[in-house]
Amino acid sequence: MSNKIIVIVGATASGKSKISLELAKKINANIINADSRQIYKEICIGTAKPTNQTQETVFWDEIKHFGFNLCGVYDNFNVANFLDYFNEKAEETFEENKNLILCGGTGLYLDACIFGLSKIPEISVETKQKVRKLYEEVGLEELAKVLRQNDKITNLDEKNPHRVIRALEVFLETKIPLAKWHELNPRTKTNFEFEIFGLELERKKLYEKINKRVDFMLENGMLEEAKFLKKFNFKDEGITKFGIGYRYLIYFLDGKMDFDEAKELMKKETRNYAKRQLTWLRKDENIHWINAEQKEKETLDEILAFPTEKIDF
RNA sequence: GCCGAGAUAGCUCAGUCGGUAGAGCGAAGGUCUGAAAAACCUUGCGUCCCCAGUUCGAUUCUGGGUCUCGGCA
C-alpha cells in the first residue's frame, strides 16, 4: 500500500482544484481539500467550492473529494480538528488502495498535515470566553501584561491579538506556558510521505485571475450568502474567517459602502491574501514549482513526468 | 478667447520663511503550532512640469512656456 501523498499548493485562483481533479483521474486518487473556508456547509460561492453539494464527501466528476462541509458557520473548527480529519481520510483512502492528493491554500492546515501539531489539551469554552471578555475589557496591552506575569517563555508578537489570546488561554487552562507544551510535545509527523507541487504564475496574471474570480462570485450569488451570514450578526473579526468578501458585502447591505467599492476592496484584499500565501509557500524548499501559465494538460504532464522512483503513480 | 486655481512618490495631497522633501492610500518584502482568506511586522531618491533670470545655492522667488481643472464668454 502506498503512503505517498501528492500535495498541490499555490495561491488562491492559481488553478489548484482543477489540476488536482485532472490529476486524480489519471492516477486513481481521492482528493482532500485543505481550505479553511470550504469546511463550512452553508457557504459555497464565496469560498470557491467546486459544487454546491452539502454532504461531507463530495463527488465532482466522479472523483471523491474530502474536506468540504465539515461544520456549520456557527461551529468552532480549528487546525487540530482538520488534522484529525485528514489522518482519518488518508487512512481510508489508502485502505481503498487509491492515491491521495492534498490540495489547498491554507498554509496552516497544510503545515499541520505535513509536519504535525504539538498535542495540547483542548481549551474549554469557559476559558475561551473568559480571555476574550478580558481582551475586550482591558485591551491588548493589558492582556499581554497578564500573559507575561504568568508565562515568561513563550515568544510571540505581543501586538497580535490572536497569538496573545491563544497563549493566555493555554496557560489559564493548563497552567503550562504554550512554549512549554511545544517543548514537551514536539510536532510529530505521521508516517505518510509527501511530494509537494506548487502552481506558479506571474504575479500580474495571478492578479488578473483573482479579479475575474471575484467578478464571477458576485455574478453567481455570493451576495445571497452574505445576506445569510448577516443574519448571524457576526462581528467584523468573526465574519472574516469565512472569506475576505463577506465583510464588505455586509457593509454594502448595511448601506455603509456602495457595491463597486465593496467589489474593489474584495479584489484588493484577495490579491493581498495571495501575496501572503506566496510568502508562506516560498520558504518551503521541498516544493517543486510548476508553471501554471501553460495549458492545463501541459501542467499536468509536468507533474506526471516527475521521477517515478520518487512517486509510484 | 478672458479670468482664476493647480502641476511634488503608482494615486490623493502636504511641505520647504531659498540649503534637493513626507503623510495617507496603493505596492513590495516578511512572520506563522487549535479563529489562518485570520492576525501582525518592516520598507518612501522622487528629472519636486519645462526653459531662462536672480542667488554661493532654486523644487521654493521672478519672467516666459506647456499641460490640467474650474468660472465667464
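Convention: sequence-line order gives letters A, B, ...; per-chain numbering from 1.
Distances were taken from every side-chain heavy atom of A:Lys275 (C-beta onward) to each of B:A28, B:A39, B:U33; the shortest belongs to B:A28. Taking every side-chain heavy atom of A:Arg282 into account, B:G29 is the closest of B:U33, B:A28, B:G29.
With sequence neighbours left out, the side-chain contact (heavy atoms from CB on, under 4.5 Å) criterion links A:Tyr273 to A:Thr12, A:Ile244, A:Arg276, A:Gln277. A:Glu298 meets the side-chain contact (heavy atoms from CB on, under 4.5 Å) test with A:Gln294, A:Lys295; sequence neighbours excluded. For A:Glu173, the side-chain contact (heavy atoms from CB on, under 4.5 Å) criterion is met by A:Ile123, A:Ser124, A:Thr127, not counting sequence neighbours. Remark: A:Lys209 engages no residue in a side-chain hydrogen bond (donor to acceptor under 3.5 Å, both in side chains) (not counting sequence neighbours). For the side-chain contact (heavy atoms from CB on, under 4.5 Å) test, residues two or more places apart in sequence or in another chain that qualify with A:Phe216 are A:Asn220. Under the salt bridge (charged side-chain N to carboxylate O under 4.0 Å, His left out) criterion, A:Glu42 pairs with no residue, sequence neighbours left out.
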Between the protein and nucleotides 9-13 of chain B, list every N/O to N/O distance that falls short of 3.5 Å.
none

Per-pair distances, 0.1 Å, donor-acceptor, side chain in residues 185-192 of chain A, under 3.5 Å, sequence neighbours excluded:
from     : atom 1 : to       : atom 2 : distance (Å)
A:Asn185 : ND2    : A:Lys119 : O      : 2.7
A:Arg187 : NE     : A:Gly116 : O      : 3.2
A:Thr190 : OG1    : A:Phe192 : N      : 3.4

Name the atoms and distances for all side-chain donor-acceptor pairs under 3.5 Å in residues 133-145 of chain A, with sequence neighbours left out.
from     : atom 1 : to       : atom 2 : distance (Å)
A:Glu136 : OE2    : A:Lys235 : NZ     : 3.4
A:Glu142 : OE2    : A:Lys145 : NZ     : 3.3

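Residue A:Thr279 is in base contact, counting any heavy-atom pair closer than 4.0 Å across all strands shown. Using a 4.0 Å heavy-atom criterion, one finds that A:Tyr207 contacts the sugar-phosphate atoms exclusively. Residue-level contact check: A:Lys128 touches the backbone only, with heavy atoms under 4.0 Å from sugar-phosphate atoms and none from bases. A:Lys268 comes within 4.0 angstrom of sugar-phosphate atoms only, judged by non-hydrogen atoms across all strands, and of no base. Looking at heavy-atom distances under 4.0 Å, A:Ile123 makes no contact with the nucleic acid at all. A:Ser118 comes within 4.0 angstrom of a nucleotide base, judged by non-hydrogen atoms across all strands.
In this structure, B:G24 is classed as anti because its glycosidic torsion departs from zero by more than 90°.
Remark: A:Lys98 engages A:Glu96 in a salt bridge, criterion side-chain N to carboxylate O under 4.0 Å.
For the pair A:Arg163 and B:A38, the criterion of a side-chain N or O lying under 4.0 Å from OP1 or OP2 is not met. Side-chain N/O atoms of A:Asn272 include one lying less than 4.0 angstrom from OP1 or OP2 on B:A27.
In this structure, A:Asp111 and A:Met217 both approach RNA chain B, and ranking their closest nucleotides by distance from the 5' end singles out A:Asp111.
Contacts between residues 164-179 of chain A and RNA chain B, defined by a heavy-atom separation under 4.0 Å, are made by A:Arg166.
Grouping Ile, Leu, Val, Met, Phe, Trp and Tyr by side-chain contacts under 4.5 Å, direct or through others, leaves A:Ile153 on its own.
Two rings, from A:His65 and A:Phe59, have their centers 6.0 Å or more apart. Ring centroid separation for the pair A:Phe234 and A:Tyr74 comes in under the 6.0 Å cut-off.
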- Item | Pairing annotation in dot-bracket form, given for RNA chain B with Watson-Crick or G-U pairs under 3.5 Å and | for cross-strand partners | (((((((..((((.....[..)))).(((((.......))))).....(((((..]....)))))))))))).

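Between the base of B:A35 and the side chain of A:Arg132 there is a donor-acceptor pair shorter than 3.5 Å.
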